[in-house]
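A quick write-up on the structure given underneath.
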Amino acid sequence: ASFAIYYIFMIPKKGSALPVRLTEEEKVQVATIAEETGLTSSTLVRLLISSLVTHYRENNNSITLPLRWEKLIAESNEGGG
């Protein structure tokens, strides 16, 4: 007798799309970075926005550039991002 085991994971539902206008070069760069980091372009953009908001809140509502993404990308890869 054969049987299958199914696992159900609770994945948070994403909200609606947010149109962002990028130049062709920017789209190519985002796609390249996403591929090199093992992320999708959408996941990369969500990660960047989330980390920017976190950075802004943790730094008294100010942004210090350049931001550091290495840890966030690694954490996203660990979570199956």
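Quick caveat, the model's predicted, so the values are computed rather than measured.
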Exercise for review: Nearest 0.5 Å please: distance from the NE2 atom of His55 over to the OG atom of Ser50.
Suggested key: 13.0 Å
Review point. Any sub-3.5 Å donor-acceptor pair from Thr32's side-chain atoms to Val28's backbone N or O?
Key: yes
Check your understanding: Okay, side chain of Thr43, backbone of Leu39: is any donor-acceptor separation there less than 3.5 Å?
Key -> no
Practice item. Only pairs at least two apart or in different chains count here, so list each salt bridge (Lys or Arg N to Asp or Glu O under 4.0 Å) that has a residue in residues 25-42. Key: Glu24-Lys27
Exercise for review: For Val45 and Val20, run side-chain contact (heavy atoms from CB on, under 4.5 Å): C-alpha distance rounded to whole Å, both residues' side-chain angles, the deciding distance at 0.1 Å, then the answer.
Suggested key: CA-CA 10 Å; Val45 171; Val20 177; 5.7 Å; no
Check your understanding: What pairs with Asn60 under side chain to side chain contact (heavy atoms under 4.5 Å, CB included), at least two apart in sequence or on another chain?
Key -> none
Review point. Step by step, would you call Ser51 with Thr54 a side chain to side chain donor-acceptor pair (under 3.5 Å)?
Key: CA-CA 5 Å; Ser51 62; Thr54 298; over 6 Å; no
Check your understanding: Do Ile63 and Leu52 come close enough that some side-chain heavy atom pair is under 4.5 Å?
Key -> yes
Review point. For the residue pair Ala34 and Ser41, what are the closest heavy atoms and their distance?
Key: CB-N, 3.7 Å
